[in-house]
Asker: 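What follows is a structure written as structure tokens; I'll ask about it next.
Just so we're on the same page: letters track the sequence lines, and every chain starts at 1.
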Amino acid sequence: MKNCSLALIAMVSMLFTSVALAERLELPKGMGGVADIGTIPCDVFNQMLVVGPQGTRLSLLTWADGYYYARTEKTMDELVAAAKQSGESWDFERLTDHFTEFCAANPEAITRDAVVSLGNELISEAS
Amino acid sequence: MSNSTPAAHPGKSKLWRPPIVGIITFVLMFFAIGLAHTMMVLIEHQLGQELTLKLSPLLGFVGIIMLWYGIKSKNENFQTWIGFFAGIIVWMCWVEFFYMWYGRENWGMLPRMDGADGLTVSGTWPEYMIMGSTVGTLLMMCCFYTFDKDTRCNMFLWFQRKLGLQEGLGVSTKKAKDRNYAIITFMETFFVTWFCYAWNLLCFDPGLVGVDNMFLAVNMGSVFIATIWSGFCFMRLIKFKRTSTALRYAIPVGNVFWINVEILGKFGMLTEIWVNPWKYTLEMSVMFAAFVVLIILLLMAPKKKSEVGGWNEQTESTG
């Protein structure tokens with residue numbers, strides 16, 4: 001009986017977990033932008049750039065900052081500072097130009113690919 | 001549009017009688033709104049977005065110079081045309097383009113997204129999100145016109161009657177000949193455009209009206225009100241004889257009716273050809289040609305003496 005109860009609890013928990021995982025993160029209704037800009041198609045990113053160029057760039061750069069920290073335990077500032085030593089300085093324009101150029105060339109990719117591509121370039125420039 | 005003497009008395013013309021004047025001014029105004037959208041797209045395309053946004057404060061002064069020239073004129077008809085075009089130019093440059101710079105560039109705002117997956121860029125771009133927030137300022141200005149005894153706008157006069165203000169405010173100290181129709185038409189064009197934009201933007205804001213059924217209900221209600229309101233005003237407009245008065249009255253009639261166009265566009269029920277002039281070159285060329293012909297017709301239309309400088313005759317209530 002005890003085993004059955006545990007199994008039932010486990011099943012219900014799994015059901016709720018899967019429901020929670022299936023839910024998409026949504027922004028409050030009136031806001032602009034998307035909740036998870038690192039996972040959108042580059043094609044959508046390109047369209048957002050037309051009418052919100054600076055905000056769209058900043059939004060993905062902020063996402064990239066978190067992504068790089070999770071992967072390397074280094075902040076964007078630290079990565080940029082390291083990369084700076086061996087070449088042209090990385091400012092907001094140059095960093096985000098990398099995203100826009102990548103997505104313009106690869107509209108079928110997702111924005112995370114652009115973030116990974118920039119990360120690789122920063123790391124390769126630092127080494 | 002010079003200070004010429006009237007070609008003929010409108011009462012003697014067989015063509016320029018109601019409802020011709022009203023219908024022509026309404027169609028003209030309706031086309032003018034579409035073409036103003038096209039003009040913005042063309043300016044942006046020709047100058048590039050960056051240069052357009054930088055030049056827009058200066059371009060707005062073109063409208064102010066026109067207004068200055070119009071205000072000096074004694075010709076009501078000329079004043080009305082100048083006020084109308086100056087209003088459109090100033091709205092375009094000092095509001096639309098300037099908000100565009102603020103929203104897209106300076107503040108780095110993102111467009112509102114639409115669609116089931118939230119990955120479709122909606123028509124609510126950063127500049128329109130800013131514009132929606134100006135509704136409080138708009139209402140404050142509407143309070144001024146509601147409580148101003150010299151206002152001649154029919155809507156505010158109606159408010160004054162319903163609020164029992166007319167006795168307290170007293171009789172207007174200004175007569176028709178004391179009014180400068182360049183600044184009146186300029187302000188009217190500006191405020192009517194602002195009002196209609198705010199109306200549409202508030203109804204399109206999912207943060208205010210929600211989504212799905214509520215969104216549909218609010219916007220269908222909006223279509224109903226806009227159709228009834230503009231229809232009522234159109235019935236009045238077609239009784240007008242004076243082209244200057246009809247032109248001023250047609251500004252709100254055309255704009256309020258245009259609210260339906262924006263809503264139908266939002267629901268994908270019509271193609272907004274006026275924002276894609278490259279794709280719909282023939283259609284927009286025809287629209288532009290018709291607009292020019294309508295302007296010429298109105299300029300050639302016989303005018304009362306009071307419209308071109310003389311104030312000996314009784315005028316209709318002004319827009």
Side-chain angles (χ1 to χ4, degrees), chain A residues 21-66 76 91-101 103-104 106-115, chain B residues 40-41 44-45 48-54 96-97 99-133 135 198 201-216 218-219 275-276:
Chain A
L21 286 173
E23 278 178 7
R24 281 190 72 247
L25 182 61
E26 283 187 10
L27 292 176
K29 299 296 178 199
M31 282 179 73
V34 292
D36 193 0
I37 199 165
T39 61
I40 65 169
C42 270
D43 186 39
V44 174
F45 180 79
N46 295 339
Q47 290 169 37
M48 289 173 70
L49 275 173
V50 176
V51 289
Q54 301 296 71
T56 306
R57 284 162 175 257
L58 174 64
S59 194
L60 188 57
L61 191 65
T62 307
W63 192 94
D65 193 6
M76 178 75 79
D91 57 8
F92 177 82
E93 210 67 33
R94 190 177 168 207
L95 285 166
T96 56
D97 275 353
H98 190 95
F99 298 150
T100 60
E101 284 160 16
C103 278
N106 306 283
E108 72 293 340
I110 62 167
T111 43
R112 185 177 56 215
D113 298 337
V115 171
Chain B
M40 278 193 69
V41 173
E44 238 185 297
H45 182 85
Q49 196 180 89
E50 201 178 335
L51 186 60
T52 302
L53 300 187
K54 279 180 183 164
E96 297 231 23
F97 283 140
Y99 282 10
M100 206 186 274
W101 178 75
Y102 257 109
R104 296 184 186 192
E105 299 289 335
N106 197 35
W107 290 343
M109 291 169 67
L110 290 153
R112 191 178 286 145
M113 304 300 279
D114 215 345
D117 55 3
L119 294 179
T120 306
V121 178
S122 78
T124 312
W125 302 338
E127 57 270 28
Y128 298 126
M129 293 167 82
I130 298 173
M131 205 181 287
S133 73
V135 68
L201 291 169
L202 294 183
C203 291
F204 290 166
D205 191 338
L208 286 174
V209 301
V211 289
D212 302 326
N213 291 340
M214 193 58 183
F215 187 85
L216 180 69
V218 167
N219 281 287
V275 290
N276 286 303

Asker: Between A:Gly55 and B:Leu110, what is the shortest heavy-atom contact and its length?
Answerer: C-CD2, 3.4 Å
Asker: With chain B, which of A:Pro41, A:Ala35, A:Pro53, A:Gly52 has the greatest number of heavy-atom pairs at distances under 4.5 Å?
Answerer: A:Pro53
Asker: With a 4.5 angstrom heavy-atom cut-off, is it the side chain or the backbone of A:Pro28 that approaches chain B, or both, or neither?
Answerer: neither
Asker: Hey, which of B:Gly207, B:Pro111, B:Gly108 has the most heavy atom pairs under 4.5 Å with chain A?
Answerer: B:Pro111
Asker: What residue in B:Thr120, B:Asn106, B:Leu208, B:Asp117 has the most heavy-atom pairs under 4.5 Å with chain A?
Answerer: B:Asp117
Asker: Could you pull out the closest heavy-atom pair between A:Val34 and B:Gly118, with the gap in Å?
Answerer: CG1-O, 3.6 Å
Asker: Shortest non-hydrogen contact from B:Gln49 to A:Val50?
Answerer: NE2-O, 4.0 Å
Asker: Could you tell me which portion of A:Met48 (side chain, backbone, both or neither) has an atom closer than 4.5 angstrom to a non-hydrogen atom of chain B?
Answerer: both
Asker: Between A:Val44 and B:Met113, is a side-chain contact (heavy atoms from CB on, under 4.5 Å) present by the stated rule, with each step listed?
Answerer: CA-CA 10 Å; A:Val44 174; B:Met113 304 300 279; 3.8 Å; yes
Asker: Would you name the heavy atoms of A:Gly30 and B:Asp205 that are closest together and state the gap between them?
Answerer: CA-OD1, 3.8 Å
Asker: Please report the closest heavy-atom contact between B:Arg112 and A:Met31, naming both atoms and the distance.
Answerer: CG-O, 3.5 Å
Asker: Of the backbone (N, CA, C, O) and the side chain (C-beta and beyond), which part of B:Met109 lies under 4.5 Å from a heavy atom of chain A, both, or neither?
Answerer: backbone
Asker: Checking the side chain of B:Arg104 only, and the main-chain atoms of A:Gln54 only, is there a donor and an acceptor separated by less than 3.5 Å?
Answerer: no
Asker: Does B:Trp101 have more than 12 heavy atoms from other residues, nucleotides or ligands lying within 6.0 Å of its CH2?
Answerer: yes
